[in-house]
Amino acid sequence: MKQSKLFIPTTKEVPADAEALSHQMMLRAGYIKQISAGAYAYLPLAWKVVQNIQNIIREEMEKIDAVEMIVPAIIPADLWKESGRYDTYGDTLFTLNDRHDREFIMGPTHEETMTYIVKDVLNSYKKLPITLYQMQDKFRDENRPRYGLLRGREFLMQDAYAFTSNQEQLDESFNDMEQAYRNIFDRVGLDYRVILGDAGAMGGSDSKEFSAPAEIGEDTIVYSKNSEYAANIEMAASQFTNNEKEDAKDLQEVNTPDAKSIAEVSKYLGVSETNIIKSMAFMADDEPIMVLIRGDYDVNDVKLKNHLNADNLREATEQEITDQFNSTPGFIGPVGTDVKVIADLTVENLNNAVVGANKTDIHFINANLDRDIKVSEFSDFRTVKQGEEAIDGSGKLEFTKGIEIGHIFKLGTKYSNSLGANYLDENGRQQPVIMGSYGIGISRLLSAICEQQADENGLIWNKQITPYDVHVIPVNTKNDEQVQLANEITSELENMHLSVLVDDRKERAGVKFAESDLIGLPIRVTAGKRASEGIVEIKVRKTGEAYEVSKDEAPKKVQELLNEM
Ligand code: 9G3
């Protein structure tokens with residue numbers, strides 16, 4: 001391919017809000033162009049990489065009998081009203097009306113669409129399991145699209161849906177997809193971890209996330225250096241140390257003027273935070289609920305939301321604290337309340353604790369469970385801390401940032417129930433189809449690879465997904481010897497089924513080399529000063545290693561270097 005015919009709008013400057021390395025480099029190297037916030041054009045070089053990734057995905061899907069198709073991006077809003085998800089995602093859902101004023105949504109994911117398609121077709125256990133997938137743009141009106149392709153409002157996803165007739169078929173599908181995703185991420189050269197994921201609003205029981213370690217990543221991954229344990233912080237569990245057991249003392253009100261926060265109460269009363277109960281007021285699907293946790297911990301909203309199976313969970317407003325909790329903001333407490341009270345496990349063995357008295361400037365000391373505090377259930381809501389003992393006892397927990405590039409869920413029957421997708425089982429009984437849903441964020445994957453592979457001079461691609469295998473550069477296009485040599489090498493390489501980009505532009509050498517580093521093809525062959533001797537320079541982008549070889553040796557040397565990648 002002649003570079004003069006390609007469209008690679010390289011640029012020196014990047015917008016100030018391009019903080020992520022991948023975002024900066026993909027802009028500077030002319031791989032992407034923003035059309036609107038979170039919506040990017042994939043320019044020729046990026047689109048070639050995406051297609052290479054897609055082909056790897058197709059090969060791995062073929063191996064597990066998953067079948068590709070594609071569905072409309074627009075979905076009748078009624079379908080999401082039927083599944084009950086229309087109201088779950090609020091403003092993040094892109095909606096539109098057609099000329100007949102019928103409402104549609106732009107598909108953010110397609111559990112409903114796929115279930116609608118298979119309904120009444122996959123209606124017998126003899127026809128299951130089936131796994132269908134597509135690779136299509138998804139639309140999510142993110143509040144803060146940023147970091148280029150890492151968090152977009154229109155982004156490319158591979159989304160797969162499994163339809164099975166029993167748990168073991170679902171387990172097998174889940175495991176097959178996990179292995180297929182591992183193969184894909186291994187082949188594209190990504191460093192990743194498979195972690196326990198937050199099933200969130202998906203309603204599924206098991207889920208796993210594929211996370212690419214990267215400083216820019218929005219996920220906090222908790223892992224143990226000494227074991228396989230790794231989890232999203234929204235799921236992570238750890239061991240904690242209990243307080244000393246004491247005999248219950250008499251409950252007593254104490255004056256704590258203006259001491260609202262745990263730190264203020266701890267300081268004012270001279271008690272440890274581990275002996276204070278933090279009481280929090282939440283509205284779960286508009287029901288008031290009080291959540292207790294030991295003062296030195298924080299409630300993890302995602303854990304709490306999943307535990308409550310709530311669609312909407314938020315902290316109560318001051319007005320609600322006054323009206324619905326009969327309390328005073330900053331002095332909330334469980335003693336005497338008729339609101340439902342649930343508590344984190346760290347509260348279970350507390351005694352003679354300090355707790356808000358639901359009155360301004362007043363706390364209780366010596367509050368004890370059962371006698372003073374009625375907890376309806378205990379569960380793990382806390383956010384784990386760095387350095388705590390891993391739940392498997394393998395050692396201290398470490399934190400790292402990660403980019404979620406894949407997620408697989410055992411969905412169950414949430415969508416087949418709501419949309420009536422049933423099959424006849426062996427005993428002739430109607431059963432809801434059991435589903436799995438799986439996805440790779442292809443746009444994010446592209447960015448994650450760049451985050452991990454790029455350097456200060458630009459992008460770096462490996463052999464598996466590079467837009468072109470070799471960059472051939474005649475330094476001076478007015479020098480016939482250099483052009484001739486470059487063309488001879490190019491046809492040799494193409495005869496070896498290598499893809500070649502020839503920089504045939506009338507640009508200064510410095511520009512050609514800088515832009516070659518920027519676009520990041522794995523191997524560069526330069527026909528320059530020593531062209532008259534038939535000598536070219538071969539340079540490996542990733543390592544910088546360079547070799548001067550004769551025209552005859554060059555093709556073999558290039559193939560050798562590529563084979564090592
Ligand atoms: C929405 C919006 C955002 C969303 C969803 C729906 C995330 C939503 C979870 C999934 C689950 C799996 C198939 C591929 C793999 C992931 N964000 N999720 O359902 F309407 Cl606005 O997408 N779907």
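Ligands are counted one by one from 1 in listed order, and the atoms in each one are counted from 1 as well.
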(request) May I ask whether F139 places a heavy atom under 4.0 Å from ligand 1? (result) no
(request) Identify the residue among L190, D191, V49 that makes a side chain to side chain contact (heavy atoms under 4.5 Å, CB included) with I449. (result) L190
(message) Under a 4.0 Å threshold between the charged nitrogen and the carboxylate oxygen, would K410 count as salt-bridged to D171?
(response) yes
(request) Look at atom 22 (O) of ligand 1 and find which of E112, R140, H110 reaches it with the closest heavy atom. (result) R140
(message) Taking a cutoff of less than 4.0 Å between a non-hydrogen atom of the residue and any ligand atom, is R85 in contact with ligand 1?
(response) yes
(message) Considering only residues two or more places apart or on different chains, which pairs with a residue in residues 171-192 satisfy ring-ring contact (aromatic ring centres under 6.0 Å, His included)?
(response) Y181-F210, F185-Y192, F185-F210
(request) Check T109 against ligand 1 and report side chain, backbone, both or neither, counting heavy atoms closer than 4.0 Å. (result) side chain
(message) For a side-chain hydrogen bond (donor to acceptor under 3.5 Å, both in side chains) check, start with the C-alpha distance between N232 and E209, then their side-chain angles and the critical distance, and finish with the verdict.
(response) CA-CA 8 Å; N232 190 312; E209 280 177 32; 3.1 Å; yes
(message) Check contact between Y161 and ligand 1, using heavy atoms of the residue and a distance below 4.0 angstrom.
(response) yes
(request) Work out whether the distance between some heavy atom of M157 and some atom of ligand 1 is less than 4.0 Å. (result) yes
(message) Just to check, does K138 reach to within less than 4.0 Å of ligand 1 when the distance is taken from its heavy atoms?
(response) no
(request) Using the six-membered ring of Y297, assess whether NZ or CZ of K278 lies under 6.0 Å from its centre and within 45 degrees of the ring axis. (result) no
